[in-house]
Participant: 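My questions all concern the structure below.
Order of the sequence lines fixes the chain letters, A, B, ..., with proteins taken first and strands second; residue numbering starts at 1 for each chain.
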Number of protein chains: 2
Amino acid sequence: MAVFDYEQVSKLAPAVAREQRDRSPCSACSVRGMTICAPLDSQELTQISAIMSSVELGAGAPLFDEGEQAGNVFNVTSGTIKVYKLLPDGRRQVTGFLFPGDFLGLARQETYAFSAEAVTLSLLCRFPRHKLEALMQRLPKIEQRLLSIASNELVAAQEQMLLLGRKTAREKTASFLLMLSKRSRQRGQAGDPVTVPMSRTDIGDYLGLTTETVSRTFTQLKQEGTIKLLPNHQVSLARRDVLEEIAGGF
Amino acid sequence: MAVFDYEQVSKLAPAVAREQRDRSPCSACSVRGMTICAPLDSQELTQISAIMSSVELGAGAPLFDEGEQAGNVFNVTSGTIKVYKLLPDGRRQVTGFLFPGDFLGLARQETYAFSAEAVTLSLLCRFPRHKLEALMQRLPKIEQRLLSIASNELVAAQEQMLLLGRKTAREKTASFLLMLSKRSRQRGQAGDPVTVPMSRTDIGDYLGLTTETVSRTFTQLKQEGTIKLLPNHQVSLARRDVLEEIAGGF
DNA sequence: CGAGGCGTTGATCGTGGTCAAGCGCAGTGG
DNA sequence: CCACTGCGCTTGACCACGATCAACGCCTCG
């Protein structure tokens with residue numbers, strides 16, 4: 001009942017479900033090696049944890065909306081977040097999925113350029129932007145780390161543009177599964193039976209396709225024996241080599 | 001004869017046509033306010049100009065190719081550059097056009113993630129990466145500026161993903177023209193009869209369309225009276241309001 | 001046990017791609 | 001000086017990939 005209760009809360013009181021100002025949880029952080037905290041020593045970790053608070057979001061709970069005052073930046077520590085933009089008539093483009101270790105909220109402007117929402121139950125570290133900026137003055141390592149993160153995201157964004165502009169539905173889908181698998185491995189999890197926590201609609205909005213086309217393409221790949229659809233949002237990349245061939249250089 | 005001669009050179013000896021190690025041309029730089037040099041005082045400009053050299057590219061001349069060792073970063077001072085990625089079978093996605101003031105080559109990895117090529121006769125400032133990084137240690141302002149540039153590019157990349165994944169040919173084309181106009185104004189040039197220096201093929205590869213579709217859409221917009229096609233790669237946005245309505249919130 | 005959300009599948013449609021031809025213009029050589 | 005060549009742009013006819021519209025099965029949740 002307790003769990004259920006709080007999921008209710010996360011839906012009703014949007015943005016932030018539960019938060020606490022932990023003293024120094026960073027030392028036990030399982031994804032520290034991949035976040036902005038990676039280059040910091042234990043003394044510096046204390047400094048950054050002093051300005052940090054943690055946030056828990058239930059599945060479907062919004063983190064922030066496009067156009068909102070950009071007061072915080074975040075680090076995902078568990079769960080999956082989706083980031084998207086909308087057209088006035090409701091058409092949606094998911095510009096990215098974020099997993100543990102990923103950074104979120106880099107926006108040099110005053111407002112967020114996109115919306116963010118939890119796909120599954122998620123935990124994040126939250127840093128007030130002005131405090132982080134003040135800290136950056138003293139710890140330039142953080143700034144360097146942010147630049148490095150931004151550069152990597154830029155490379156990924158260009159790859160995604162290639163996918164959206166020039167790949168077929170089949171190629172997009174294969175690329176997507178390989179991307180999930182690669183990122184799963186990067187954070188030390190299994191690369192083969194890969195977890196696909198997001199809905200067909202979310203996948204479609206990420207790949208520039210409709211749910212129906214995504215579903216059909218999955219079925220097609222399954223019937224060829226290239227992938228296997230398992231229970232609990234798991235997909236086995238039975239023939240990774242074929243998938244890579246279809247994806248076309250990813 | 002001299003001018004003609006050197007255009008020959010730029011086509012035959014690809015990458016770099018002409019270069020010189022000017023002493024301090026930065027003080028006269030017309031686009032300094034929008035580049036990485038913007039936050040520097042005159043003494044710091046001397047330092048950065050010491051590691052800089054300038055590059056001139058003829059129309060169509062490549063600057064670097066995807067996968068190449070990423071030894072330099074660049075600043076465009078005049079002309080137009082296109083940046084693109086290729087699929088193994090030759091399909092191409094132009095991920096961006098660069099104009100005077102734009103920065104190029106940010107790649108935290110060892111190799112370039114994309115190719116770059118001159119659309120028109122262009123001039124660039126070139127900075128060896130390792131030297132710029134060394135300079136960044138002493139002038140953290142540069143690093144901040146780079147982070148700011150990267151953040152802005154990231155926002156633009158997300159906007160482009162929305163365009164590629166979710167807009168129609170008509171919407172894409174309208175958005176493209178408005179983007180050109182906006183950027184032209186940003187660097188202090190006319191916003192209305194806007195210069196469109198790139199070919200229909202380049203536009204198509206940027207918008208995820210074919211040349212034929214781009215051409216047809218231009219014709220359609222022209223016949224409606226929304227735009228006017230003028231000589232010398234000029235396009236008049238006769239009905240900017242209509243264009244903005246078509247573009248759908250850009 | 002009923003309701004609603006998500007995923008799958010089928011039938012049909014339409015936007016934009018493909019294939020092809022022709023035009024205009026610039027550069028080239030006779 | 002002017003045909004010839006080649007490229008970029010346009011236009012037309014046709015096609016196909018993925019969208020749209022619709023129905024249904026399955027599972028979860030109430």
Participant: How many Å lie between CG on Asp205(B) and P on dC9(D), as a whole number?
Facilitator: 12 Å

Participant: Using a strict 4.0 Å threshold on nitrogen-to-oxygen distance, state whether Asp205(A) and Arg166(B) make a salt bridge.
Facilitator: yes

Participant: I want to check one thing: is the phosphate of dA19(D), taken as OP1 and OP2, less than 4.0 Å away from some side-chain N or O of Thr213(A)?
Facilitator: yes

Participant: Just how far, in rounded Å, is P of dC27(D) from CG of Asn232(A)?
Facilitator: 13 Å

Participant: Between Glu171(A) and Arg91(B), does any side-chain N to carboxylate O distance fall below 4.0 Å?
Facilitator: yes

Participant: What is the distance, rounded to the nearest whole Å, between atom CZ of Arg166(B) and atom P of dT20(D)?
Facilitator: 8 Å

Participant: Please check: side-chain N/O of Lys167(A) versus main-chain N/O of Ala247(A), any donor-acceptor pairing under 3.5 Å?
Facilitator: yes

Participant: When you check the gap from the basic side-chain N to the acidic O, do Glu224(B) and Arg170(B) get nearer than 4.0 Å?
Facilitator: yes

Participant: From CD of Gln220(A) over to P of dG7(C), roughly how many Å is that when rounded to an integer?
Facilitator: 19 Å

Participant: Among dC9(D), dA19(D), dT8(C), which nucleotide has an atom closest to any side-chain atom of Arg200(A)?
Facilitator: dT8(C)

Participant: Among dT20(D), dG18(D), dC9(D), find the nucleotide with the atom closest to the side chain of Glu212(A).
Facilitator: dT20(D)

Participant: Whole-Å distance between dC9(D) P and Lys222(B) NZ?
Facilitator: 13 Å

Participant: Of the nucleotides dC9(D), dA19(D), dG7(C), which one has an atom closest to the side chain of Ser215(A)?
Facilitator: dG7(C)

Participant: Reckon Thr211(B) has a side-chain N or O less than 4.0 Å from the OP1 or OP2 of dT10(D)?
Facilitator: no

Participant: Does Arg92(B) qualify as a cation-pi partner of Tyr84(B), given the criterion of NZ or CZ under 6.0 Å from the six-membered ring centre and within 45 degrees of its axis?
Facilitator: yes

Participant: Can you find an N or O donor on one side and an acceptor on the other, under 3.5 Å apart, linking the side chain of Arg216(A) with the base of dT20(D)?
Facilitator: yes

Participant: Remember a base hit wins even if backbone is also touched, and classify Gly204(A) as base, sugar-phosphate or nothing at under 4.0 Å, heavy atoms.
Facilitator: nothing

Participant: Looking at dG18(D), dG16(C), dT8(C), which one has an atom nearest to any side-chain atom of Thr219(A)?
Facilitator: dT8(C)

Participant: From dT10(D), dA19(D), dG16(C), pick the nucleotide closest to the side chain of Leu229(B)?
Facilitator: dT10(D)

Participant: Looking at Thr210(B), does any N or O in its side chain come under 4.0 Å of the phosphate oxygens OP1/OP2 on dG16(C)?
Facilitator: no

Participant: In whole Å, what is the span from the CD1 atom of Ile203(B) to the P atom of dT10(D)?
Facilitator: 9 Å

Participant: Distance check needed: dG5(C) C1' versus His233(A) NE2, whole Å only.
Facilitator: 12 Å

Participant: In whole Å, what is the span from the CG atom of Leu207(B) to the P atom of dT15(C)?
Facilitator: 18 Å

